[in-house]
2 protein chains.
Amino acid sequence: MEKKQRMSRRSEQMGDQIEERIVTGVYPPGMRLDETELASGFGVSRTPIREALIQLASAGLVEIRPRRGAIVAEIGQHRLYEMFEVMAELEAMCGRLAARRITESEQRALVAAHQACEAARDANDPDAYYQRNERFHHLIYAASHNVFLEEQATALHRRLRPYRRLQLRVRDRMGTSFSEHAGIVEAILAQDGEQAAARIRTHVVVQGQRFADLIASLPMLGSPSLA
Amino acid sequence: MEKKQRMSRRSEQMGDQIEERIVTGVYPPGMRLDETELASGFGVSRTPIREALIQLASAGLVEIRPRRGAIVAEIGQHRLYEMFEVMAELEAMCGRLAARRITESEQRALVAAHQACEAARDANDPDAYYQRNERFHHLIYAASHNVFLEEQATALHRRLRPYRRLQLRVRDRMGTSFSEHAGIVEAILAQDGEQAAARIRTHVVVQGQRFADLIASLPMLGSPSLA
DNA sequence: AACGGACAAATTGTATACAAGATTGTTATA
DNA sequence: TATAACAATCTTGTATACAATTTGTCCGTT
């Protein structure tokens, strides 16, 4: 999990900062990202900003219309549903592979992360739960022992972060989430790949009413026909 | 399938051209991509080249080492296996969804594409089969009626293109491929999602000996520990 | 009053100039 | 002869200047 050694490349730092502002909602969907403005705001020239925007566009966070500037990508309900559908399947795949390939130390780490979630739930601390939940899921990605899959899952998870986050405050989502985690852990430890996959699929929000609740809780909309 | 209206953005054209040269092997894995050299070669300045390289790096085709230039990404055996493993699952998901959601006109198009493959096989024309096979697969992606999934599958498919291409010349792969297609079409038309998924999983090369053959047939190697 | 065209302002895309770090080759010394 | 340090050169990263296209406004005409 170490990744600090390349200091150069301002454009990357810019990219990280802009991305942070996008996923935290400081730059809301649809907002125009003026190159000159961003440049003066960050105290750099347009060049690193442009390069950062191109990267973010490749990642799908912003949309660059030729000669017409960049805007924060608007994800419509429909496309959001599609992305969660894919996310569910990617995570399910991670779970299936993890059940077959997880090592003993990874098992211990997973159980520990699960217990950490339990503590956060008991303390009724959504922020803590959110972070520990992220760790829990990431441990499953890593336990798949497919680095490429892990990367893909992490990237998509990150992209869905702002939408997922709000969802934790809805209803008794924390409690539900935790008990679902329990089932997932059990299946993985039992090396039952198919059951792990099935339970993860259910866990990810795509299912029926739960997704509708998510949609309803989102302040940012975006027209459904954007996809 | 129309996408021609934005003429501006040289960097995109450069990106497409460089990408083409990468996937066709003109720029082999590991090759150094000198910005100045490329710029003068394409008759443009370094700026569009740089932007193109950044995009290609985001897509995973090139690797940019800060202050040390860009090289064509080397995909080691291990990572290649991982990518095919994910590809298989993505395609399987497409098939499962397609079985449930495919429209009648899409069914006709799929059958037509399948028959076109048959003709190419009978003519023993690998190049034609290659193209029609691509179309066949893409139709399944589209029939999933999940645009995001379709995009992801298409992107990964494209990235694996150079490796897949060589594979068609191996053995009697064309004949095998076609008969597997038949089973896939049947499952989708029968709306049997699980069977379609299973057959597609088998169809994609990851399975045992077949993947070993693929590896053996690849001139470009890349160290296995790159992942 | 509304529509259309032309001009003006602003913003993106590209080229070039400059700065900073990396690589390579040379030289001196052990 | 080999190694280490230094210098020269080359390449990338950033800033700025310029070109081209879009957008908005104003005025004229119908």
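Here is how names work: the chains are called A, B, and so on, in the same order as the sequence lines, proteins then strands, and each is numbered from 1.
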Working for side-chain contact (heavy atoms from CB on, under 4.5 Å), residues Glu51(A) and Arg9(A):
CA-CA 10 Å; Glu51(A) 299 189 344; Arg9(A) 300 221 66 206; 4.0 Å; yes

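- Minimum atom distance to the side chain of Pro48(B) is reached by dT14(C), of the listed dT12(C), dT14(C), dT14(D).
- Defined by atom type and a distance below 3.5 Å, a donor-acceptor pair is present between the side-chain atoms of Glu91(A) and Tyr141(A).
- As a whole-Å value, the separation of Leu53(A) CG from dT11(C) P is 15 Å.
- Spacing between atom CD1 of Ile71(A) and atom P of dT11(C) amounts to 16 Å, rounded to whole angstrom units.
- Between the C1' atom of dT16(C) and the CZ atom of Arg46(B) lies a distance of 10 Å, rounded to the nearest Å.
- Between Arg65(B) atom CZ and dG21(C) atom C1' there is a gap of 14 Å when expressed in whole angstrom units.
- Ser58(B) contributes a side-chain N or O that, together with a main-chain N or O of Ile54(B), makes up a donor-acceptor pair within less than 3.5 Å.
- For the OP1/OP2 pair of dT12(C) and a distance below 4.0 Å, the side-chain nitrogens and oxygens of Arg32(A) include at least one atom meeting the criterion.
- With distances taken from any side-chain atom of Arg50(A) to the nucleotides dT14(D), dA15(C), dG13(C), the minimum falls on dG13(C).
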Dump every N/O contact between nucleotides 23-25 of chain C and the protein below 3.5 Å, one line per pair.
{"from": "dT23(C)", "atom 1": "OP1", "to": "Arg68(B)", "atom 2": "NE", "distance (Å)": "2.5"}
{"from": "dT23(C)", "atom 1": "OP1", "to": "Arg68(B)", "atom 2": "NH2", "distance (Å)": "3.1"}

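- In this structure, Thr47(A) and Thr36(B) both approach DNA chain D, and ranking their closest nucleotides by distance from the 5' end singles out Thr36(B).
- The CD atom of Glu35(A) sits 13 Å away from the C1' atom of dA10(C) (whole-angstrom rounding).
- Between Arg161(B) and Glu20(B), at least one side-chain N (NZ, or NE/NH1/NH2) sits under 4.0 Å from a carboxylate O, which counts as a salt bridge.
- Between the CD1 atom of Ile54(A) and the P atom of dT14(D) there is a distance of 13 Å, given to the nearest Å.
- Checked by atom type, the side-chain pair Tyr81(A)/Gln77(A) shows no donor-acceptor distance below 3.5 Å.
- Applying the side chain to side chain donor-acceptor pair (under 3.5 Å) test to every pair with at least one member in residues 92-103 of chain B, sequence neighbours left out, gives these pairs: Glu85(A)-Arg101(B), Glu89(A)-Arg96(B), Thr103(B)-Ser105(B), Thr103(B)-Glu106(B).
- In this structure, Ile49(A) atom CD1 and dG13(C) atom P are separated by 14 Å, rounded to whole Å.
- The distance from atom CZ of Arg9(A) to atom P of dT11(D) is 18 Å, rounded to the nearest whole Å.
- With 3.5 Å as the limit, one finds a donor-acceptor pair spanning the side chains of His138(A) and Glu150(A).
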